[in-house]
Trainee: 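Sharing a structure, written as structure tokens. Questions coming.
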Amino acid sequence: MSILATVKDISCNTEAQLADMIRAGGPFVVTGGGTSRIGLAEGDRLLWTGAQFDYDPGALTLVVSAGMAVDAVSAQLAVEHQRLAFEPPDLAPLLERAGVRSMGGMVASNASGPRRVAVGACRDACLGVRFVNGRGEIVKNGGRVMKNVTGLDLVKLMAGSQGTLGILTEVSLKTQPIPETTATLIFEGQTEVEAVNTMSRALGTPFDITGAAHLRQGADGTPARTLLRLEGMESAVRYRVEALHQRLSDLGAADVEWDQAHNGEIWRAIRDVTRFVGVPGDVWRVSVTPSEAPGLVAALQPEDVIYDWGGGRLWLLTTAGTDVRAKMGKGHATLVRASDETKRTLGVFPPENRIVAQLSKGLRQKFDPEQKFNPGMMG
């Protein structure tokens, strides 16, 4: 499923060299580490190999080369008992990809996991970026701290741009202390309507839920589970678990998972959509209003579904070639895993309305007038 076809790889270790390559060549495939690429584009792949790493644990900030591996950066943060709060997923197993996640690819795809319901997406943790645009110009925006600035916020613009506006060379991010304790409240046997109600009620409490997900009954007979995660100091988490349990007492008894290793496994599996790894079928990622999620799933009748973000994000497993968008009334659907033919037929990203499409076209014309980066990827 190598949907981004590369002619050759070109490595650059200075921004000046990268800028020269961009001015002289193209088109280019911009993929980061290539582990989570889902769009359509062809060309030479530009590989950024800069090694900038400037970490200030006391200020909870990080400035790092876009080419560094996410796992390597996470390991460095863990030494200081810190982490990337937005929980970036690793979709390489789901997409049957080799390679390692890169920091630039993470930002360019706005990769965000279950903790988004509490801390926001990757773009909300981004403080600054450096990149080279399609004109071969080196651009810097933002820095180490959050500021109120006038003009275009290029930091937020680059996060989620899928490599269509420029090649990131450096990113600045906020970090977060790793909490002392994690607990997961588990309700078994709820229907999907009941689960969304449970998650919505929990997220509406003052108890700082950092994960809200629901899984259908497993093929091995594991009952349906609704999962609510709480993190923090142990004494505070124990109090909040008890208070939340009481607040939801009309829903019946719930188990509490306190083992830290098991909690990590539970939420990594949701983050990385592990349930669908190696299972035949297409995989869609759908954004929808949580209250409308069960009805949408009932209408789509997927082979399987994972509810995340309290029901605001759905991971759907469908039979190959299923056009999910044709059956949707509201929401946005991205085709994450499918054959090249299906992706070309159905399109990978949700279609933009006329106004958004005009804005997107204008931005690409400004940053990449000759369409050198991932041409055609976003329509």
Side-chain angles (χ1 to χ4, degrees), residues 85-87 112-121 124 176 179 181-218 222-260 262-271 273 275 285-300 302 304-316 328-332:
F86 49 90
E87 213 167 0
S112 312
R115 201 174 289 112
R116 183 187 185 279
V117 294
V119 302
D124 298 303
Q176 180 190 68
T181 299
T182 300
T184 301
L185 209 64
I186 304 172
F187 290 89
E188 291 190 350
Q190 291 189 333
T191 66
E192 290 167 30
V193 172
E194 291 170 340
V196 170
N197 175 61
T198 298
M199 293 186 288
S200 297
R201 286 177 58 182
L203 289 167
T205 69
F207 303 131
D208 297 328
I209 308 301
T210 65
H214 176 74
L215 303 172
R216 283 182 172 177
Q217 179 174 318
T222 303
R225 296 186 300 162
T226 306
L227 308 165
L228 304 171
R229 180 174 60 185
L230 299 94
E231 300 174 295
M233 295 181 60
E234 183 175 358
S235 58
V237 171
R238 289 190 178 276
Y239 165 77
R240 285 155 49 209
V241 165
E242 180 60 28
L244 180 62
H245 209 167
Q246 291 181 2
R247 185 74 65 93
L248 303 177
S249 60
D250 59 302
L251 302 177
D255 294 327
V256 182
E257 179 58 68
W258 289 101
D259 182 82
Q260 300 308 290
H262 194 200
N263 272 302
E265 293 170 1
I266 289 172
W267 292 98
R268 273 193 300 275
I270 294 169
R271 182 196 76 177
V273 201
R275 187 178 175 108
R285 184 178 63 218
V286 176
S287 298
V288 65
T289 303
S291 61
E292 297 175 346
L296 177 61
V297 172
L300 296 174
D304 200 355
V305 58
I306 299 171
Y307 288 74
D308 197 4
W309 299 357
R313 167 182 276 183
L314 305 174
W315 291 96
L316 304 178
M328 290 177 59
K330 297 180 180 179
H332 303 281

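Values below: all heavy atoms of this structure, side chains included; hydrogens, waters and symmetry mates excluded.
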Trainee: Tell me if a side-chain donor or acceptor on N263 pairs with a main-chain N or O of T182 at a distance below 3.5 Å.
Mentor: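 It does hold such a pair.
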
Trainee: Strictly distance-based, threshold 3.5 Å: is any side-chain N or O of E257 a donor or acceptor partner for the main-chain N or O of D259?
Mentor: yes

Trainee: Where do V117 and G310 come nearest, in terms of heavy atoms and distance?
Mentor: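 Scanning both residues completely, I find the closest heavy atoms to be CG1-N, 4.4 Å.
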
Trainee: Any chance you could lay out the side-chain hydrogen bond (donor to acceptor under 3.5 Å, both in side chains) test for S287 and H332, step after step, and finish with the verdict?
Mentor: CA-CA 5 Å; S287 298; H332 303 281; over 6 Å; no

Trainee: Report yes or no: does T222 contribute a side-chain atom to a donor-acceptor pair with the main-chain N or O of G218 at less than 3.5 Å?
Mentor: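 Such a contact is absent between T222 side chain and G218 backbone.
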
Trainee: If you compare all heavy atoms of Y307 against all heavy atoms of P294, which two are closest, and at what distance to 0.1 Å?
Mentor: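 So the two residues come closest at OH-CA, 3.5 Å.
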
Trainee: Given 3.5 Å as the limit, does a donor-acceptor pair link the side chain of S200 with the main chain of N197, or not?
Mentor: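 Such a contact is absent between S200 side chain and N197 backbone.
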
Trainee: If the condition is side chain to side chain donor-acceptor pair (under 3.5 Å), which residues does E87 pass it with, not counting sequence neighbours?
Mentor: R229

Trainee: Using modelled atom types only, decide if a donor and an acceptor are shared between the side chain of R240 and the backbone of L230 within a distance under 3.5 Å.
Mentor: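 Checked: no pair found.
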
Trainee: Can a donor-acceptor pair be found, under 3.5 Å and without considering hydrogens, that links the side chain of R247 to the backbone of E242?
Mentor: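 Checked: no pair found.
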
Trainee: Is a donor on one side and an acceptor on the other found under 3.5 Å between the side chain of E194 and the backbone of T191?
Mentor: yes

Trainee: Compare every heavy atom of A224 with every heavy atom of H214, then report the nearest pair and how far apart it is.
Mentor: CE1-CB, 4.0 Å

Trainee: Counting N and O atoms only, with roles assigned by atom type, does the side chain of R225 sit under 3.5 Å from a partner on the main chain of L215, one being a donor and the other an acceptor?
Mentor: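 It does not hold such a pair.
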
Trainee: For the residue pair W267 / T184, report whether a side-chain donor-acceptor contact shorter than 3.5 Å exists.
Mentor: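 Side-chain D/A pair, T184 to W267: present.
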
Trainee: Go through the structure and list residues passing side chain to side chain donor-acceptor pair (under 3.5 Å) with H245, not counting sequence neighbours.
Mentor: none

